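It should be emphasised that the depicted structure is a prediction, and the values quoted were computed from it without experimental measurement. All residue numbers in this chain count up from 1 along the given sequence.
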Amino acid sequence: MTDWPQLHHAYGTAEDIPGLLDAVSPAPTDSGWTELWSRLCHQGTVYSASYAALPALRDMARQWSPADRQMPLTLAGAIAASTDRPYDEQDPHVAYASEMSDLVQLTEEALRDPILTNDPATYVYLLAALLSFEGDEFWGEQLDGLNDDEFEVPCPSCSTENFVAFGEYGFFSTTDSMYMNEATARKMPLQPADTSALEGLAQRLHSRALADGQTDVAHKLTYVFGKAQCAECDEVFSVAEAITTGWDA
């Protein structure tokens, strides 16, 4: 049995967590999820209670249908991906290896649910959770940038922050954070990756998105794993490598 009062979350001791877990429903709009996220993964920080909640989140996802398990999976994924562990908690992929294995399977089932065909945002969140459970903390945390239609990255040559946009405003890099409102901002066209040349994780994600009917996600991935030109110094650089550099900074 978990001794919740001896554990901590963002606001103190964790004796309130069992009640919140028991009361929450599958609905993403359930306010209980806001309470759980705020306590267990507050601005990306995790606590002793965060990891202790992983078995319960796994059980919750197991009890609910693939179409209904988005919230426990994405919260568990955010906990697993977090590297902000101020209390030196053990790596959850070691301490909760069995739960991680189960969560991989449960997420795979959710990703195959046809209800996601018209819900690319949820698909991306679940795909990021899958990577988190597999141990890829970086893309588990960063992949949801696909839903924002942009990444903010430093130029590897001059260090200027560039906004790499790939959505309704076009496909370009710019140094203007208000590019969506500014017609005169300097915009440098992006260079999408050649899909036949994709390798490793990039190839896996792109192929999977296509197989799952997520053509828009697959299209965006070609820009994430393609190249951009700095709107300040004109240096051409790998977008994915620049995202990694920004994350490590």
Side-chain angles (χ1 to χ4, degrees), residues 44 74 77-78 80-83 104 107-108 111-112 116-117 119-177 179-180 186-249:
T74 53
S82 176
T83 56
V104 166
T107 309
E108 288 278 10
L111 282 165
R112 290 193 293 268
L116 291 181
T117 301
D119 191 359
T122 297
Y123 179 84
V124 168
Y125 289 133
L126 288 171
L127 192 59
L130 177 67
L131 296 176
S132 298
F133 301 140
E134 292 177 341
D136 190 333
E137 294 172 336
F138 174 72
W139 286 110
E141 189 171 60
Q142 296 295 317
L143 193 67
D144 64 3
L146 288 173
N147 288 336
D148 297 328
D149 290 344
E150 72 167 29
F151 282 97
E152 183 178 359
V153 300
C155 170
S157 179
C158 70
S159 300
T160 299
E161 291 294 317
N162 278 252
F163 295 88
V164 177
F166 43 87
E168 64 175 303
Y169 299 105
F171 302 84
F172 55 84
S173 56
T174 180
T175 58
D176 187 351
S177 63
Y179 60 83
M180 66 291 296
R186 188 178 191 224
K187 300 174 180 178
M188 311 302 294
L190 300 181
Q191 302 173 27
D194 179 350
T195 57
S196 65
L198 291 174
E199 298 178 342
L201 180 65
Q203 193 277 332
R204 175 195 171 193
L205 292 177
H206 183 264
S207 297
R208 165 141 206 173
L210 287 178
D212 290 338
Q214 298 289 341
T215 54
D216 185 57
V217 173
H219 182 60
K220 289 180 179 180
L221 285 166
T222 64
Y223 290 96
V224 173
F225 291 100
K227 294 184 182 299
Q229 184 173 350
C230 177
E232 179 69 21
C233 74
D234 292 333
E235 176 78 6
V236 176
F237 58 88
S238 163
V239 175
E241 290 179 5
I243 296 171
T244 303
T245 300
W247 190 72
D248 289 337

CA sep, side-chain torsions, deciding dist, call: Phe138, Thr244, side chain to side chain contact (heavy atoms under 4.5 Å, CB included): CA-CA 8 Å; Phe138 174 72; Thr244 303; 3.5 Å; yes
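- Rounding to the nearest 0.5 angstrom, the gap separating the OG1 atom in Thr117 from the OH atom in Tyr123 is 10.0 Å.
- Side-chain contact annotation: Asp176 with Thr174, donor-acceptor N/O pair under 3.5 Å absent.
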Taking distance alone, no hydrogens or angles, what donor-acceptor pairs closer than 3.5 Å link side-chain atoms of residues 155-173 to residues at least two apart or in another chain?
{"residue": "Asn162", "atom": "OD1", "partner": "Ala231", "partner atom": "N", "Å": "2.9"}
{"residue": "Asn162", "atom": "ND2", "partner": "Thr160", "partner atom": "O", "Å": "3.1"}
{"residue": "Ser173", "atom": "OG", "partner": "Gln229", "partner atom": "O", "Å": "2.4"}

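- With hydrogens and angles disregarded, no donor-acceptor distance shorter than 3.5 Å links the side chain of Thr222 to the backbone of Ala193.
- Within the 4.5 Å cutoff, no side-chain heavy atoms of Phe225 are placed close to those of His206.
- Annotation for Phe151 and Gly145: closest pair CZ-CA, 3.5 Å, computed over non-hydrogen atoms.
- Nearest heavy atom pair, residue Asn147 against residue Pro120, reads OD1-O, 4.1 Å.
- Counting heavy atoms from C-beta on, the side chains of Leu143 and Asp136 never come closer than 4.5 Å.
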Test log, rule side chain to side chain contact (heavy atoms under 4.5 Å, CB included), inputs Leu130 and Leu111: CA-CA 9 Å; Leu130 177 67; Leu111 282 165; 3.9 Å; yes
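- Nearest heavy atoms, Ala240 versus Trp139: CB-CZ2, 4.2 Å.
- Remark: the backbone N or O of Val124 is not paired with any side-chain donor or acceptor of Gln214 at under 3.5 angstrom.
- In this structure, CG on Leu205 lies 4.0 Å from CG on Leu201, to the nearest 0.5 angstrom.
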Residue pair Arg186, Thr175: steps toward the side chain to side chain contact (heavy atoms under 4.5 Å, CB included) verdict: CA-CA 8 Å; Arg186 188 178 191 224; Thr175 58; over 6 Å; no
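- Within the 4.5 Å cutoff, no side-chain heavy atoms of Val239 are placed close to those of Tyr223.
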Full working for side chain to side chain contact (heavy atoms under 4.5 Å, CB included) between Leu131 and Arg204: CA-CA 11 Å; Leu131 296 176; Arg204 175 195 171 193; 3.9 Å; yes
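- Residue Ser132 holds its OG atom at 8.0 Å from CD of Glu141, rounded to the nearest 0.5 Å.
- Ion pairing between a basic and an acidic side chain is recognised when a charged N comes within 4.0 Å of a carboxylate O; Lys220 and Asp149 show such pairing.
- To the nearest 0.5 angstrom, Leu221 atom CG is 8.0 Å from Leu127 atom CG.
- Residues passing the side-chain hydrogen bond (donor to acceptor under 3.5 Å, both in side chains) test with Tyr125: none are found, sequence neighbours excluded.
- Of the possible donor and acceptor atoms, one in the side chain of Thr245 sits under 3.5 Å from a partner among the backbone N and O of Glu241.
- Between the CZ atom in Arg112 and the CD atom in Glu108 there is a gap of 5.5 Å [rounded to 0.5 Å].
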